[in-house]
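Quick one: this structure, given as structure tokens, is what I'll be asking you about.
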Protein chains: 2
Amino acid sequence: MTAYKSYPKFFVSVDCIIFGFKDGCLKVLIHQRPYEPGMGEQSLIGGFVQKNESVDSSAKRILREFTGLDNVYMQQLAAYGEVERDPGERVISVVYYALINVDNYDTQLADIHNAKWVDVDDLPTLCFDHNDMVQKARHMIGEIIKNEPIGCNLLPRYFTLSLLQTLYESILGTSIDKRNFRRAISEKDYIQATGMIDKESSRRGATLYRFKK
Amino acid sequence: MTAYKSYPKFFVSVDCIIFGFKDGCLKVLIHQRPYEPGMGEQSLIGGFVQKNESVDSSAKRILREFTGLDNVYMQQLAAYGEVERDPGERVISVVYYALINVDNYDTQLADIHNAKWVDVDDLPTLCFDHNDMVQKARHMIGEIIKNEPIGCNLLPRYFTLSLLQTLYESILGTSIDKRNFRRAISEKDYIQATGMIDKESSRRGATLYRFKK
DNA sequence: TAAAAAAGTGTCGAAACCACACTTTATGTT
DNA sequence: AACATAAAGTGTGGTTTCGACACTTTTTTA
């Protein structure tokens, strides 16, 4: 028998910061909270951990419920545990961030939940401590993208170097010199040119690249 | 009224990875679990979150109970939420790492709890997922010390450059060239020479340094 | 007084990083 | 048809950072 009986129990929620890259901007998927407290306020995508699922699985489930996506790049950010962070009842939240390709998610599911993309640099006031969470996650992916090719999760299968650069710029919040960027990227070995040319986004046409597996 | 009633609640624990620097090695404070499940097994310092404290406060309280220390460098590592991670009952654990000066903690308190220092490179098998937690925390402080002067939390007030280098080596698990190390450190501006000379640790005597505030 | 032990100190080459400007190519407009 | 526009694509040189590398100094102990 365990000796835990006398300890209190808590609601444990999961909040997901779902990043997407759209119109040259880093976006976050938010929706209106459908229940109290904070009903009608803008909120991250979230839900409660269930009895028979791990916290990680819970995050995956919630992501799937809102986007239809599985097998997504998703990492834990932190646990938020202030006593009064949720004004209704005490809830401890474990926060995840996910990077998704905005061409793939299920827009019908998103509509059902009133989910919409907002620019990460122009975030509305979100409920509770959700703005803090987004800032922290944004900083985190900025650190990670300097070393790891996580951009593959945000971009379409084929992309131009200009688009890739725009992605880096919008994540890092800086502008990057085009030649330096291209040199740095070509020294890594995770992207490769396909023979294809994209004629949509420029008059001249640009080589399409893809991430290697 | 909130709509949370139907959701399950969980025990939430805090585990603390308390790092210290002793005998030229990075150490972790562990003790024998005094209750089931896993009674008698080696365990990180931990406890349960209480009703009226935040998770952060809970970590501080637990650290204080085992070491007598307050105002310690302490950061959240992650939440661990596998369903079966604790074989007794479902417990979600939020893990913190702390860096303490081993000269300052309350050894009587530590004795009461059967706490002892073990070398982080020669860790016994700990209960549950505690070994994973330590590995992750160790990696984390390795990353952080490259950029931030967190060594100040582990060292005595005055220290020699050799001791500082040994600290870096034991955290990073590498050996570092003495001249390169001294150059790198002197380019930062967070330590300064005191006029004092330490005659204990070497025949010749070495300049004592301290961290600036 | 000789041996031992740790402190302390500088240089050079390689690699990474940053700033910087013009040509090419296709399209759309006049 | 030619001209304007818009984005693609491409190289160099200076600066800074990083890593490798060895000997002298100082004091204690045998």
Side-chain angles (χ1 to χ4, degrees), chain A residues 21-25 142-149 151 155-156 158-211, chain B residues 21-25 142-149 151 155-156 158-211:
Chain A
F21 182 60
K22 220 180 153 180
D23 310 323
C25 292
E143 291 302 307
I144 294 175
I145 205 168
K146 290 175 190 167
N147 302 307
E148 291 176 60
L155 289 173
Y158 303 111
F159 52 87
T160 65
L161 290 182
S162 294
L163 189 69
L164 183 64
Q165 178 171 350
T166 307
L167 171 65
Y168 275 68
E169 289 175 335
S170 69
I171 289 179
L172 296 170
T174 60
S175 66
I176 305 175
D177 176 82
K178 181 160 57 159
R179 283 167 292 184
N180 292 340
F181 177 76
R182 287 175 182 227
R183 174 161 30 85
I185 283 291
S186 66
E187 281 166 2
K188 319 283 182 192
D189 63 349
Y190 40 71
I191 69 168
Q192 60 187 178
T194 68
M196 296 178 289
I197 305 290
D198 168 59
K199 310 284 293 195
E200 304 295 306
S201 60
S202 73
R203 291 181 179 168
R204 177 175 169 180
T207 302
L208 284 165
Y209 286 75
R210 71 170 163 214
F211 281 89
Chain B
F21 182 60
K22 221 181 152 181
D23 310 323
C25 291
E143 291 302 307
I144 294 174
I145 206 168
K146 290 175 189 166
N147 302 309
E148 291 176 60
L155 288 173
Y158 304 112
F159 53 86
T160 64
L161 290 182
S162 294
L163 189 69
L164 183 65
Q165 179 172 347
T166 305
L167 171 65
Y168 276 67
E169 288 174 335
S170 68
I171 289 178
L172 296 170
T174 59
S175 66
I176 305 175
D177 176 82
K178 180 160 57 159
R179 280 167 293 186
N180 291 341
F181 177 76
R182 286 172 184 230
R183 171 160 38 91
I185 284 291
S186 67
E187 281 166 3
K188 319 286 182 188
D189 64 348
Y190 38 71
I191 69 167
Q192 60 187 181
T194 67
M196 297 179 288
I197 305 289
D198 167 59
K199 309 284 293 195
E200 304 294 306
S201 60
S202 71
R203 293 179 177 170
R204 177 174 170 180
T207 302
L208 284 165
Y209 286 75
R210 71 171 166 217
F211 282 89

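No experiment lies behind these values; they were computed from the predicted model shown. Every chain is numbered from 1 and lettered A, B, ... according to where its sequence line falls, protein lines coming before strand lines.
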**Q.** pair Gln165(B)-Ile185(B): side-chain heavy atoms closer than 4.5 Å
**A.** no

Q | Backbone N/O of Arg183(B) and side chain of Asn180(B): donor-acceptor pair under 3.5 Å | A | no

Q.
Is it true that, when you exclude Glu200(A) itself, more than 12 heavy atoms of the residues, nucleotides or ligands shown sit nearer than 6.0 Å to its CD?
A. no

Q.
At less than 4.0 Å, is any side-chain N or O atom of Ser162(A) found next to OP1 or OP2 of dA7(D)? Yes or no.
A. no

Q: Please state how far atom CZ in Phe181(A) lies from atom P in dG9(D), giving the value in whole angstrom units.
A: 12 Å

What's touching nucleotides 13-16 of chain C from the protein side, N or O pairs under 3.5 Å?
none

**Q.** Min side-chain heavy-atom separation Met196(B)-Thr207(B) under 4.5 Å
**A.** no

Q. What class does the angle between the rings of Tyr190(A) and Phe211(A) fall in, given that below 30° is parallel, 30 to 60° is tilted and above 60° is perpendicular?
A. parallel

Q) Do the non-hydrogen side-chain atoms of Tyr168(A) and Thr174(A) ever get within less than 4.5 Å of each other? A) no

Q | Aromatic ring proximity Tyr158(A)/Tyr209(A), centre distance under 6.0 Å | A | no

Q.
Can you measure Asp198(A) atom CG to dA7(D) atom P for me and round it to whole angstrom units?
A. 13 Å

Q) Side chains of Ile197(A) and Leu208(A): does their closest heavy-atom pair fall under 4.5 Å? A) no

**Q.** Distance in Å, Ser162(A) OG paired with Arg182(A) CZ, rounded so as to fall on 0.5 Å steps
**A.** 5.0 Å

Q) Say you draw a straight line from CD1 of Ile191(A) to CG of Leu164(A); how long is it, rounded to the nearest 0.5 Å? A) 5.5 Å

Q. Considering only heavy atoms, which members of residues 163-170 of chain A lie under 4.0 Å from some atom of DNA chain C?
A. none

Q) Closer to the 5' end of DNA chain D via nearest nucleotide, is it Leu161(A) or Lys199(B)? A) Leu161(A)

Q. Rounding to a whole Å, what distance do you find between Ile185(B):CD1 and dT9(C):P?
A. 15 Å

(Q) If you compare every side-chain N and O of Thr207(B) against the phosphate oxygens of dA7(C) (OP1, OP2), does one of them come in below 4.0 Å? (A) no

Write out a two-atom table: protein N or O, nucleotide N or O from nucleotides 19-23 of chain C, distance below 3.5 Å.
from, atom 1, to, atom 2, distance (Å)
dA19(C), N7, Asn180(A), ND2, 3.0
dA19(C), N6, Asn180(A), OD1, 3.1
dC20(C), N3, Arg179(A), NH2, 3.4
dC20(C), N4, Asp177(A), OD2, 3.1
dA21(C), N1, Arg179(A), NH1, 3.4

Q: Spell out, as yes or no, whether a donor-acceptor pair under 3.5 Å connects the side chain of Asp23(A) to the backbone of Cys25(A).
A: no

Q | Between P of dA8(D) and CD of Glu200(A), the distance in whole Å | A | 13 Å

Q.
Judged by each residue's nearest nucleotide on DNA chain D, which is more toward the 5′ side, Arg182(A) or Arg203(A)?
A. Arg203(A)

